[in-house]
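Step one of this worksheet: look at the structure below.
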Amino acid sequence: MTGEELLVVGKPLRRVDALDKVTGQGIYTGDLKFPDMLHAKVKRSEHAHARILRIETSEAESLPGVIRIFTSKDVPGENNVGVIVPDQPVFAEDTVRHYGDAVAMVVAESEDLVRKAVDLIKVDYDVMPGVFDPEEAMLPNSPLVHPDGKYGNEGNVLSKMGYEKGDVEKGFRDADIIVEEEYRPGYQEHAFIETERCIATSDGRNVTVYGSLQCPFYVRDAVAGALGIPRARIRIIQTAIGGAFGGKEDVPSELCARAALAAYILRRPVRKIRSREDSIVMHTKRHPMIIRHRLGATREGELVAARVEIISDQGAYCSVGKYVQKRAMVHACGAYDIPNSKVDTSFVYTNNILTGAFRGFGGPQVAVASELQMDELARRLGMDPLKLRLKNIVEKGGITAKGQNLDNCGKGLRECIEKAANVSQWDEKRDAYEKFNEKMKHSSTGTLNIRKGIGMSSIMYGVALGGPTPDSATSTCQITEDGSVIITTGGTEMGQGAKTVLSQIAAEAVGVPLHYVTILDADTSIVQNSGPSVASRITPVIGEATRRGAKEAVSEISNLACKLLGVNRVRSVIAPDGTPFSVPADAMVKKADIDKFPDKVDYHELVRSCYGEAKLLLGVGFCSTPTLLENGEYRDYYTYSFACHIAEVEVDMDTGRVMVKKLTCANDVGKAINPQTVEGQIEGGAVQGMGYGLMEELVTLNGRILNPSLVDYHIPTSLDAPQITPLIIEEHDSFGPYGAKGIGEPSLIPTPAAVLNAVGHAIGLAVRKTPASPENVWRAIRDHR
Amino acid sequence: MRDFIIHEPDNIGGACSLLLEFGTQARIIAGGTDLLVDLKQHNIEISHLVSLAKIGGLKSITTIGDEIRIGALVSLNEVAESLTVKKRLRALCKAAASMASKQIRNQGTIGGNIASAVPSADLPPALLAAGAHVIITSGESERKVPMSNFFYGPRKTVLAVGEILTQVVIPSIGKKTAIIYKKFKLRGANALAVASVATRITVAGNLIKEGRIVLGAVAPVPMIAELASEMLAGQIPSHNLFFRVAEAAAAEAKPISDIRGSREYRKELIQVLTKQSLDEAFKRATGGGD
Ligand SMILES: Cc1cc2nc3c(=O)[nH]c(=O)nc-3n(C[C@H](O)[C@H](O)[C@H](O)COP(=O)(O)OP(=O)(O)OC[C@H]3O[C@@H](n4cnc5c(N)ncnc54)[C@H](O)[C@@H]3O)c2cc1C
């Protein structure tokens, strides 16, 4: 970087898809209609754990308009859609393992018929005892969800992961104070506006699936596996997505495999749209965890040892559980410099709803434990939680609790904490609220029995897919005859603003205004597999591939400009009327004066000349993260982004109701490619995180979800959203495009813990589970009396 | 959703005869915000809907002296924003404003909210506290039913096949009287009551002349807490009294445990809401603002 002014990057430009969305022009899967289209719906399991004795379909089949009923027998390929472990069937074979299992699927001429026919399918079951508590599931005699060892599982324990650094026992021996508590962050439902959906078409040889998909290549692989045909004959096309949050990561695989199977066999388009109830009952949730956290410190508040044990309910299938497990393990001790640490995690099969990807990927849960621990320790030491954190955060040049040398990042955290504390007036409020609460305790006359609190949470977040393998991505850039630019990547726009940010990166690299760039929707037959759209990796990893591809595509144009201007290096200037020009790199010319500046070449002329001279204006960008070190070791994550959120709450002591009044959210994003979309991410993430901390409760009873509707599962509404102040911190990253790191998940991860710490400050005792719903807070207060 | 035929009669008599003709195969539709959910979720299967939309005279709020008459088709937002109602029974406006979301309040009606007879419905407690009655017509004859006799179970009312609720009549509230509605819900919008209380107090001199406490969402029907209400009559108001009345109201409540709250918690809420509403009602009845 030569300190040149950026043309497009770093500007709060309007999202490229904004108009389409607000005017209703965007094409979603539900808007697509095909001639002769059929409809499909599955018959869900009626038990949490049972053997299937017989599936009686004749009555359903006899309904006029019902085309066919599919079961596991009809799957020509492998009856599996699991992405990591082949444990998840397209259709249940002889056993159902949770209520969301599909036993059969009806395909019929109308949605109404489909529903009626599903009700007419009769399944005989031999009901088996189920296991619904992960700790019980670990006991020797508990019912097995899968046969022992079949998927590398030991009993019901799908997987164990852990590490030890230093000497933990000695660390605790040396500690003056030890805080040990148990935390229970719960489930969370994605509650995207648009439920899962797809349409499959086939001529009996090739298969095309349109859908609301976060990771089209996962779907391609699952469909290929289930149909037993090569991936090249399958084309997955992503439509506009009405929200995903991780819930459309591997989830669409089963949905699309079923629809594709029907289309492939029947040679007619088949549409599958999940009802809200099917959606909530069938798709993955955020992993609930039991976290036992032991933290040792000196009298001065220096952390010396941490011991964390995590048990998580994986539900019936692995989904991406092992990846969540790894992230939870690496982040379990928080963003602190702790010389001795030991973490053990067990992810355990049960007959509950399966758990998987959800924005934050284990991060919010472990932050609830580690951040409430910090506040507990601060309380016991009589220290300000802010000071305790500043004393212990891991910074550039330091070693993370897991043992990674932070040689390439780590300045952002202190800045986040200090800025958030400053803007929220932490010191003053902490004091004022304590005085207010003291006064309230002794006043008996007021009608409202309110307490106020302010709490914080600071986190680090490993950007993109973790080691040992580097994270990589590909992107192509094509400059057309009129100078407009086409970008392909496998990354998907799911509402987060990917198209806008990638367009800005490409426009910057080519040197043209934003509207010159078109990002193609992911289509697995056209775009490259750039890895999944997860892990906050689109901007830093796919964005870097895009930047490189664009640079390569424009290289002949730059060469020609250099030749014409007689210089070695050129840069772009966009005139006030929007025309891009090349000028010598060191030319001291401002955009407003470009008209009168002689040493310039019009970009369009350059493009035309390049085409005239038969030059290739196509670039293939590839990048892989600096995960591997020269000494053969690897980084857990190639870089980290940091955040500190501060919450202010009011708690009604009589009803337990918590009102979040303010959230001050400082997030280090490396470089805000588009500050407006970054703020959007921070606000959205913070509200979703607040929902997790306070309101969202999936009520289950023996594996059955009792509130599978958005009337009964409460996500926050705009009336619940507090005043949010997003603060953008930029610790330049040496790998990401223009220094960018990810923001999608770290916008949510700190919020639940910040809110819980504020509640703790207000009521004087910790609520160690989510959600801190009115009834849960009321119970905590009452049990304490 | 099963196919159905919508009838849009332009007079009450026509509506009643359609309802009689199709019997259990027909339902009245007003705003449809309860009914369509039931139809889509297949809780009810019918083939005829009788819309009230084209019938005149059901959409106005009028007064005769201090009595208010609200037509069954008046929307929840119209109730919430009506100056006429605000002046006489502000608690009803507050109850209406606390419901659902703006879109649903534009669509849903007062008649539908009452006729649905959902235990957590927001308008009935305030109406019971106000001593309101409803006018029911069968096309041929009309009858007047006090709100306190209207419900007899969840989704069960005195309405017979062929009958339509046409008006809600709220009598003059009188001087030195205040009614307060308190609702506890789990989020800012689109949330049903976990528990609710409507409290009415009339003061005379230094004493409470009489009071009425109505509980919502804690029994099969909105219920008057009789014992708690009686404890107020003729008493000198005090925190202590209000506290004991609130305890009594909680004791009378008969909540169930469900996904919105346990029985125990709901009783606690009734106590808290009753106490709060008594404090506020007393303050207002004695001339204090709110
Ligand atoms: C998302 C959502 C949130 C909601 N939130 C709340 C809330 O917070 N509080 C609350 O109390 N309710 C709530 N409701 C329920 C509903 O909106 C209200 O009860 C509304 O007032 C119903 O009126 P309607 O005109 O839409 O009734 P409809 O759906 O048209 O009718 C409801 C029932 O009453 C019968 N009916 C209607 N009018 C008459 C009449 N004049 N005579 C005889 N029978 C009649 C119908 O046949 C039907 O059985 C909510 C609903 C939704 C969908």
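Order of the sequence lines fixes the chain letters, A, B, ..., with proteins taken first and strands second; residue numbering starts at 1 for each chain. Values below: every heavy atom of this structure, side chains too, minus hydrogens, waters and symmetry copies.
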Taking atom [atom1] of [X] as the centre, does the number of heavy atoms from other residues, nucleotides or ligands within less than 6.0 Å exceed 12?
{"X": "B:Lys102", "atom1": "NZ", "answer": "no"}
{"X": "B:Asn206", "atom1": "CG", "answer": "no"}
{"X": "A:Met37", "atom1": "CE", "answer": "yes"}

Atom of B:Arg187, atom of A:His714 and distance for their closest heavy-atom approach: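 Looks like NE-CD2, 3.5 Å.
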Working to the nearest 0.5 Å, report the span between [atom1] of [X] and [atom2] of [Y].
{"X": "A:Glu697", "Y": "B:Ile259", "atom1": "CD", "atom2": "CD1", "answer": "10.0 Å"}
{"X": "A:Ser275", "Y": "B:Lys40", "atom1": "OG", "atom2": "NZ", "answer": "12.0 Å"}
{"X": "A:Asp652", "Y": "B:Gln276", "atom1": "CG", "atom2": "CD", "answer": "6.5 Å"}
{"X": "B:His42", "Y": "A:Asp119", "atom1": "NE2", "atom2": "CG", "answer": "8.0 Å"}
{"X": "B:Asp258", "Y": "A:Leu706", "atom1": "CG", "atom2": "CG", "answer": "10.0 Å"}

Suppose a student defines contact as a heavy atom less than 4.5 Å from any heavy atom of chain B. Which residues in residues 685-692 of chain A would they list?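 Hits under 4.5 Å: none found.
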Does anything in residues 769-785 of chain A reach chain B? List residues with heavy atoms under 4.5 Å apart, or say none.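 Listed by number: A:Pro774, A:Glu775, A:Trp778, A:Arg779, A:Arg782.
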Segment of A:Leu694 engaging chain B (4.5 angstrom heavy-atom cut-off):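 For A:Leu694, no heavy atom lies under 4.5 Å from chain B.
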Non-hydrogen atoms of chain A under 4.5 Å away: do they reach the side chain of B:Leu186, the backbone, both or neither?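 Interface part for B:Leu186: both.
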Name the region of B:Ser101, side chain, backbone, both or neither, that has any atom closer than 4.5 Å to a heavy atom of chain A.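 It is neither, since no heavy atom gets under 4.5 Å.
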With sequence neighbours excluded, residues passing side-chain contact (heavy atoms from CB on, under 4.5 Å) with B:Ala115: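 Partners of B:Ala115 under the side-chain contact (heavy atoms from CB on, under 4.5 Å) test: B:Leu159.
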Out of B:Val194, B:Leu273, B:Val272, which one racks up the most heavy-atom pairs below 4.5 Å with chain A?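 Sorted descending by pairs with chain A, the first entry is B:Val272.
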Donor-acceptor check, side chain of A:Asp720 to backbone of B:Gly188, threshold 3.5 angstrom: yes or no?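 Judged by distance alone, yes, a pair lies under 3.5 Å.
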Checking B:Arg260 side chain against A:Asp712 main chain: does a donor-acceptor pair fall under 3.5 Å?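 No; judged by distance alone, with no hydrogens or angles, the pair does not exist.
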Contacts of type ring-ring contact (aromatic ring centres under 6.0 Å, His included), residue A:Tyr713, not counting sequence neighbours: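 Partners of A:Tyr713 by the ring-ring contact (aromatic ring centres under 6.0 Å, His included) criterion come out as none, since no residue qualifies.
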Any non-hydrogen side-chain atom of B:Leu269 less than 4.5 Å from a side-chain atom of A:Thr655?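 A side-chain contact under 4.5 Å exists here.
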